[in-house]
Amino acid sequence: QVQVVESGGGLVQAGGYLKLSCTISGLAFDAYSVGWFRQAPGKEREGLFCSAWSGATAYYQNSVKGRFTISRDNAKNTLYLDMNNLTPDDTAVYYCAAGGPRSAGFCSNSGSGMNYWGKGTLVTVSS
């Protein structure tokens, strides 16, 4: 059984830092593309970053470029999202997802290439 579990969300002041983690069990992590998505109140879900199984990395939102960084540790089956200089506009539920194995999954802004999703972790940035 595949489990996708996000952690690290919380309340932070504008300009602050958070690091999100996503641990995925029940699949061959290194054969999956994995990504971070978020959904702000009243808005549609959007893709942030995706780390493809091939080693490529894609990003989808200019608003987080230079502030957010994605990384993956295949030995720990874990995906990370470092978020710096947070703003109230970053307030959202952050989701982790995995797609695969290999070419059966793919990175995209919509998340259509993802097979497994976590329940999300809430990030709230106060002004």
Side-chain angles (χ1 to χ4, degrees):
Q1 183 179 358
V2 177
Q3 288 189 317
V4 181
V5 180
E6 305 96 337
S7 61
L11 174 64
V12 63
Q13 288 188 331
Y17 166 84
L18 279 177
K19 182 171 184 172
L20 304 184
S21 300
C22 171
T23 300
I24 305 177
S25 60
L27 52 73
F29 186 81
D30 58 355
Y32 279 72
S33 296
V34 287
W36 286 104
F37 302 79
R38 70 182 180 185
Q39 187 166 18
K43 295 186 178 181
E44 293 187 354
R45 187 181 67 203
E46 62 182 9
L48 296 175
F49 288 95
C50 187
S51 173
W53 65 272
S54 62
T57 300
Y59 75 96
Y60 302 107
Q61 305 301 328
N62 285 330
S63 62
V64 304
K65 188 179 181 183
R67 298 190 298 122
F68 291 12
T69 305
I70 190 175
S71 60
R72 67 188 289 170
D73 186 336
N74 288 340
K76 295 183 178 181
N77 284 17
T78 301
L79 182 70
Y80 302 99
L81 184 66
D82 285 276
M83 305 186 295
N84 291 282
N85 195 20
L86 285 159
T87 75
D89 287 341
D90 295 316
T91 293
V93 178
Y94 285 70
Y95 297 93
C96 174
R102 298 178 181 84
S103 59
F106 57 90
C107 291
S108 70
N109 184 17
S110 68
S112 58
M114 299 288 137
N115 310 113
Y116 304 102
W117 291 82
K119 295 181 179 180
T121 185
L122 177 63
V123 172
T124 303
V125 184
S126 62
S127 58

Results of side-chain contact (heavy atoms from CB on, under 4.5 Å) for [X] - residues two or more places apart only:
| X | value |
| --- | --- |
| S25 | Q3 |
| S126 | L11, Q13 |
| S110 | S108, S112 |
| T57 | I70 |

Practice prompt. Among residues two or more places apart or on two chains, list those pairs meeting side chain to side chain donor-acceptor pair (under 3.5 Å) that have a residue in residues 94-107.
Written response: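 Listed once each, the pairs are R38-Y94.
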Mind listing the closest non-hydrogen atom pair of [X] and [Y] along with its distance?
| X | Y | result |
| --- | --- | --- |
| A58 | Y60 | CB-OH, 3.6 Å |
| V4 | Y116 | CG2-CB, 4.0 Å |
| N109 | G47 | OD1-N, 2.8 Å |
| A98 | I24 | CB-CD1, 3.8 Å |
| D90 | R67 | OD2-NH1, 2.8 Å |
| T91 | V125 | OG1-N, 2.9 Å |

Discussion item. Using a 3.5 Å distance criterion without hydrogens, assess whether the side chain of N77 forms a donor-acceptor pair with backbone atoms of T23.
Written reply: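 Not confirmed, N77 side chain does not pair with T23 backbone.
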Discussion item. Donor-acceptor pair, distance only, cut-off 3.5 Å: does the side chain of Q39 make one with the backbone of K43?
Written reply: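 Between the backbone of K43 and the side chain of Q39 there is a qualifying donor-acceptor contact (under 3.5 Å).
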Once you round to the nearest 0.5 Å, how far does [atom1] of [X] lie from [atom2] of [Y]?
| X | Y | atom1 | atom2 | value |
| --- | --- | --- | --- | --- |
| K19 | M83 | NZ | CE | 11.5 Å |
| Q1 | L27 | CD | CG | 11.5 Å |
| L79 | S71 | CG | OG | 7.0 Å |
| D82 | Y17 | CG | OH | 3.5 Å |
| D73 | S21 | CG | OG | 10.5 Å |

Test of understanding: clusters of I, L, V, M, F, W, Y form through side-chain heavy atoms closer than 4.5 Å, transitively. Do [X] and [Y] belong to the same one?
| X | Y | value |
| --- | --- | --- |
| F37 | L122 | yes |
| V93 | V123 | no |
| W36 | L86 | yes |
| L48 | W53 | no |
| V34 | V2 | yes |

Worksheet entry | Where at least one partner belongs to residues 58-127, residue pairs that pass disulfide bond (SG atoms under 2.5 Å apart), sequence neighbours excluded |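 Sorted pair list: C22-C96, C50-C107.
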Discussion item. How about OH on Y80, more than 12 heavy atoms from neighbouring residues, nucleotides or ligands closer than 6.0 Å, or not?
Written reply: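 Correct, the count exceeds 12.
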Worksheet item: Does the side chain of L81 come within less than 4.5 Å of F49's, by heavy atoms?
Response: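 F49 reaches L81 side chain to side chain.
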